[in-house]
Amino acid sequence: MTMDCKTYQDLVAADVDGQLSADEAVSAKAHVAGCVRCARLRREQEGMRDLLRERVSRSPLPDALKERVWDGLPEEISAPPVGTSTTRRLVLAGAVAAVLFLSVVLPRYWETGPDLLAVLVRDVHAATGDQIELTQANQIEILRQFYNGSGKFSFENTTVDLTALGFRPIGGAIIPIGDVPATFTVYESQHGKLICRRFAVGALPLPEGGKELDGAQLFTVEGITIRIVRDGDAICCFASDMPYDTLMAYLDRARHH
Amino acid sequence: MSKSDDAKRAEFTAVAIPYMEQLYNAAMHLSRDQEAASDLLQETYLRAYRSWHQFTVGTNCKAWLLTILYNAFRNRYRADRSTPAQVELDEAAHAREVESSLNVSVEDPADLLAFHVLDGEIEAALGDLPEEYRTAVVLVDLQELTYEEAAAVVGSPVGTIRSRLSRGRQILHRSLRDYAERRGLLRRK
């Protein structure tokens, strides 16, 4: 993709900070190589960033303020809202009329923190074992609830429509990952079930490692295939116990749909 | 079994308290007022302490604290008349800004450092930035958050952070260039 000066001016900070996508970086580099003004703009941005980091003073925290902050803390840390953590997640489901019942095993997920891969593996087992009662079959509707409720990204984000590929949406809901609001959708095909999780970019640390493929990160954990990809201002995770090649063929078709 | 309050207090002390000075500096740069920064810091830590059960140890505590701080700042000080009016440069104005900055007879923009700008001038220029750009610069350049973390703090898409950071740095560059011109260190073409 070719880039013009106007586009580059909005991206110059990300270029300096190495925060462009691979495609954007290639286009930016090509543009800067051929544009004296934007090349200079880039040098200015880099210089300004370095100047800020080197020269903006760090004010020491006054001891009296530190004591004042500490003394202002109550004796006890407040207890979580009344009810189990499962009940809190039910409250988060908002206007969804049907009560969402989660496996009694679920509260134990959170003792060690929301390890995203572990969450996705357990989601697949729960969905496959029919341990989750889902209320909505329409992902657009789930995203709309999410957006109007607690979500931070627009439901107008790309929505992968798997129905055209032979997947039938069984249902979904808004089920947090730890304390991070996230949507949860289950699809079923002749080959097995596929779950999809979405949450806002930056809301959770993403797992490291994995195999990079077409801009996504692939993992295999306990026989579950997981694909994590950034979709605008959302992170989208697909996970399934379908055979790896079968799942990749489906997701590849979805990507080009 | 939930942790005892003593254990939670100890955990909060070990995990959250060490960021207090960084949070104070962020509060100073956002509010541009020492008293306001002190109030913001106290409010932030009180809220963090009360909602500590919502934080997952092992995730980015600084980003979590900065989110609380930023929300407190927005709620308490955004309507304050002492903050400059919000200026969202339109595309044409931004283009003129960039064009203007490129018409300075500086051999190399890195010579910005050679402008001998004073530290006070940098602080002043930062304080004069419109709040949205100042926030992006504070979170990314000074607090060293990633673009995704900064986007999560302010509740905006990453693309918004990218463009605000670009524009914020550009405005700062022009401001400091103007300081240097007034002191006779630079000449316009």
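A, B, ... follow the sequence lines: proteins, then strands. Residue 1 opens every chain.
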Task: Close side-chain approach of B/Val137 to A/Met48, heavy-atom, < 4.5 Å - done: no
Open item on the list: Test your reading of the model: is there a side-chain donor-acceptor pair from A/Gln45 to the backbone of B/Ser166, 3.5 Å cut-off?
Closed with: yes
Open item on the list: I need the B/Arg174 CZ to A/Glu44 CD distance, nearest 0.5 Å.
Closed with: 12.0 Å
- [ ] With a 4.5 angstrom heavy-atom cut-off, could you sort out which part of A/Leu52 is near chain B: side chain, backbone, both or neither?
- [x] both
Open item on the list: Can you confirm whether the side chains of A/Gln19 and B/Arg162 place a donor and an acceptor under 3.5 Å from each other?
Closed with: no
Open item on the list: Do A/Pro60 and B/Tyr24 have side chains that approach each other closer than 4.5 Å (heavy atoms only, starting at C-beta)?
Closed with: no
Open item on the list: At a 4.5 Å cut-off on heavy atoms, which part of B/Ile161 comes close to chain A: side chain, backbone, both, or neither?
Closed with: neither
TODO: First locate atom OG1 of B/Thr56, then atom CG of A/Leu204, and finally report the distance between them rounded to the nearest 0.5 Å.
DONE: 8.0 Å
- [ ] Looking only at non-hydrogen atoms, find the nearest pair between A/Ser59 and B/Met28 and report the distance.
- [x] OG-CE, 4.0 Å
Open item on the list: If I take atom CD from residue B/Glu35 and atom CG from residue A/Leu65, how far apart are they, to the nearest 0.5 angstrom?
Closed with: 11.5 Å
Open item on the list: So A/Val16 and B/Arg169, do their side chains get closer than 4.5 Å, heavy atoms only?
Closed with: yes
Open item on the list: Using 0.5 Å steps for rounding, measure from the CZ atom of A/Arg55 to the CG atom of B/Leu126.
Closed with: 13.5 Å
TODO: Assess whether side-chain contact (heavy atoms from CB on, under 4.5 Å) is satisfied between A/Trp70 and B/Thr13, documenting all intermediate values.
DONE: CA-CA 10 Å; A/Trp70 186 249; B/Thr13 303; 3.1 Å; yes
Open item on the list: Is it the case that over 12 heavy atoms from other parts of the model lie below 6.0 angstrom from the NZ atom of B/Lys62?
Closed with: yes
TODO: Salt-bridge test for A/Asp10 and B/Arg164: reply yes if a basic N is under 4.0 Å from a carboxylate O, no otherwise.
DONE: no
Task: Heavy atoms from other residues, nucleotides or ligands near CD of B/Glu144 exceed 12 (cutoff 6.0 Å) - done: yes
TODO: State, with a plain yes or no, whether a side-chain heavy atom of A/Leu73 is found less than 4.5 Å away from one of B/Phe12.
DONE: yes
Open item on the list: Are there over 12 heavy-atom neighbours, none belonging to A/Asp63, within less than 6.0 Å of that residue's CG?
Closed with: no
Task: Nearest non-hydrogen partners of B/Leu46 and A/Gly72, listed with the distance - done: CD1-O, 3.6 Å
Open item on the list: Measuring only between side-chain heavy atoms, which start at C-beta, is B/His29 closer than 4.5 Å to A/Val56?
Closed with: yes
Task: Note, B/Leu41 side chain near A/Arg68 side chain (heavy atom, < 4.5 Å) - done: no
Open item on the list: To the closest 0.5 Å, what do you measure between CG (B/Asp141) and CG (A/Leu51)?
Closed with: 10.5 Å
Open item on the list: Within the 4.5 Å heavy-atom criterion, are A/Leu41 and B/Gln170 side-chain neighbours or not?
Closed with: yes
Open item on the list: With a 4.0 Å cut-off on N to O distance, would you call B/Glu148 and A/Arg230 a salt bridge?
Closed with: yes
Task: Nearest-0.5 Å distance, CG of residue B/Leu142 to CZ of residue A/Arg53 - done: 8.5 Å
Task: Option in A/Asp15, A/Leu61, A/Val12 with maximal non-hydrogen atom pairs under 4.5 Å from chain B - done: A/Leu61
